[in-house]
Amino acid sequence: MSDEHAPEPNDIDQNAEQTGEPPENADDAGDTGDTQALLEQIQQLKDTQLRLAAESQNVRRRAEADVEKARKFGAEKLVREMLPVADSFERALEAARVMEGFDSAMLEGIEATFELYTQALAKNGLTPINPVDELFDPARHQAISMVPAPVPANTVVDVVQTGYALNDRVLRAAMVVVSQGAPSVDDSV
């Protein structure tokens, strides 16, 4: 019996590693602790994956929103530069309509050209702001004067310069004359 000796703890661990079997006197508490640690690590990795997927989706959504905004408002600088051309067209048409002896065929040509011009701008999201008989809106209108008028107070009675919005964003507020309201009887005495 002296030849037989009790196995050393290191021998047991080496046997377990070679055979893939747990050692005979393995501590169940140690296995449970290792299993719990692995489960926690798996949960952490799942949480990390979910966060990364959510962040990726948020980045994609922001990029799509940026592309959409660039599409809608990319031409803003060009459109702003075209507004004085629209103003000139409007003034030319107003003058031609009241001028005596102005060639009617020429007037029709200017009107047709202006119509094509405004249609091209409208296709790109530009809309005129022409608020006659609407309530004054400081976000869309710029009041240049107030006059007594037989309409409710703060109603736009005249547009001095047409305003424009690009895809509902105001590029230039309409310059307007606003009603003070009907003159009272006391004011006239």
Side-chain angles (χ1 to χ4, degrees), residues 44-183:
Q44 287 175 348
L45 290 172
K46 284 181 179 180
D47 289 345
T48 301
Q49 182 208 13
L50 282 173
R51 285 192 181 99
L52 290 173
E55 181 63 25
S56 174
Q57 186 176 19
N58 288 340
V59 167
R60 186 177 43 80
R61 284 182 185 158
R62 280 192 297 267
E64 288 172 357
D66 289 347
V67 167
E68 179 65 18
K69 190 180 284 186
R71 186 191 64 75
K72 285 175 97 174
F73 302 111
E76 184 174 343
K77 182 178 178 186
L78 175 65
V79 170
R80 279 188 190 276
E81 291 178 10
M82 299 305 289
L83 294 182
V85 176
D87 295 337
S88 295
F89 260 122
E90 288 178 347
R91 284 192 294 275
L93 286 170
E94 288 173 15
R97 288 179 183 133
V98 298
M99 184 183 290
E100 279 187 36
F102 193 81
D103 185 10
S104 63
M106 180 72 77
L107 178 60
E108 286 178 24
I110 293 172
E111 287 173 337
T113 303
F114 182 62
E115 183 65 26
L116 287 172
Y117 178 77
T118 56
Q119 286 174 359
L121 292 175
K123 284 180 186 175
N124 289 287
L126 188 74
T127 55
I129 301 172
N130 195 0
V132 173
D133 296 329
E134 294 178 11
L135 284 178
F136 177 75
D137 178 1
R140 299 176 60 83
H141 312 143
Q142 179 181 349
I144 59 170
S145 68
M146 293 186 79
V147 297
V151 294
N154 293 325
T155 300
V156 175
V157 294
D158 190 23
V159 176
V160 177
Q161 185 180 44
T162 303
Y164 290 94
L166 180 62
N167 295 312
D168 297 324
R169 180 191 290 177
V170 176
L171 290 183
R172 181 178 74 192
M175 294 174 65
V176 298
V177 177
V178 180
S179 169
Q180 291 177 336

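As the structure is a computational prediction, the values presented were derived from the model and not from experiment. Scope of the values below: all heavy atoms of this structure, side chains included, with no hydrogens, waters or symmetry mates.
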Margin query: Does V178 form a side-chain contact (heavy atoms from CB on, under 4.5 Å) with T155? I'd like the steps, not just the answer.
Written below: CA-CA 6 Å; V178 180; T155 300; over 6 Å; no
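- In this structure, V156 and L135 have side chains that are not in contact, with every pair of non-hydrogen atoms separated by 4.5 Å or more.
- The side-chain contact (heavy atoms from CB on, under 4.5 Å) search around M106 returns F102, D103, I110, not counting sequence neighbours.
- Taking each heavy atom of V85 and Y117 in turn, the nearest pair found is CB-OH, 3.4 Å.
- One finds the CG atom of L93 at 6.5 Å from the CG atom of L107 (value rounded to the nearest 0.5 Å).
- Residues N154 and S179 form no side-chain contact, since every pair of their non-hydrogen atoms from C-beta on lies 4.5 Å or further apart.
- Applying the salt bridge (charged side-chain N to carboxylate O under 4.0 Å, His left out) test to every pair with at least one member in residues 104-133, sequence neighbours left out, gives these pairs: R97-E111.
- Interatomic distance, OG of S56 versus CD of Q49, reported as 11.5 Å (0.5 Å rounding).
- Among pairs with a residue in residues 46-63, those fulfilling salt bridge (charged side-chain N to carboxylate O under 4.0 Å, His left out) read E55-R62, R60-E64, at least two apart in sequence or across chains.
- Partners of F114 by ring pair (Phe, Tyr, Trp, His ring centres under 6.0 Å), not counting sequence neighbours, listed by chain and number: F89.
- Taking 4.5 Å as the limit, every side-chain heavy atom of L121 sits out of range of all side-chain heavy atoms of T127.
- At a threshold of 4.5 Å between non-hydrogen side-chain atoms, the residues L50 and T48 do not count as touching.
- The structure places CD of E134 at 9.5 Å from CD1 of I129, a figure rounded to the nearest 0.5 Å.
- Distance CG/L78 to CG/N124: 8.5 Å, rounded to 0.5 Å.
- With sequence neighbours excluded, the residues satisfying side-chain contact (heavy atoms from CB on, under 4.5 Å) with D137 are A139, R140, H141.
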Kindly list each side-chain donor-acceptor pair under 3.5 angstrom involving residues 159-172, sequence neighbours excluded, with atom names and distances?
from : atom 1 : to   : atom 2 : distance (Å)
Q161 : NE2    : D87  : OD2    : 3.1
T162 : OG1    : E90  : OE1    : 3.4
T162 : OG1    : E90  : OE2    : 3.4
N167 : ND2    : K72  : O      : 2.7
R169 : NH1    : E76  : OE1    : 2.9
R172 : NE     : T162 : O      : 3.3
R172 : NH1    : D87  : OD2    : 2.7
R172 : NH2    : D87  : OD1    : 2.8
R172 : NH2    : D87  : OD2    : 3.4
R172 : NH2    : T162 : O      : 2.6

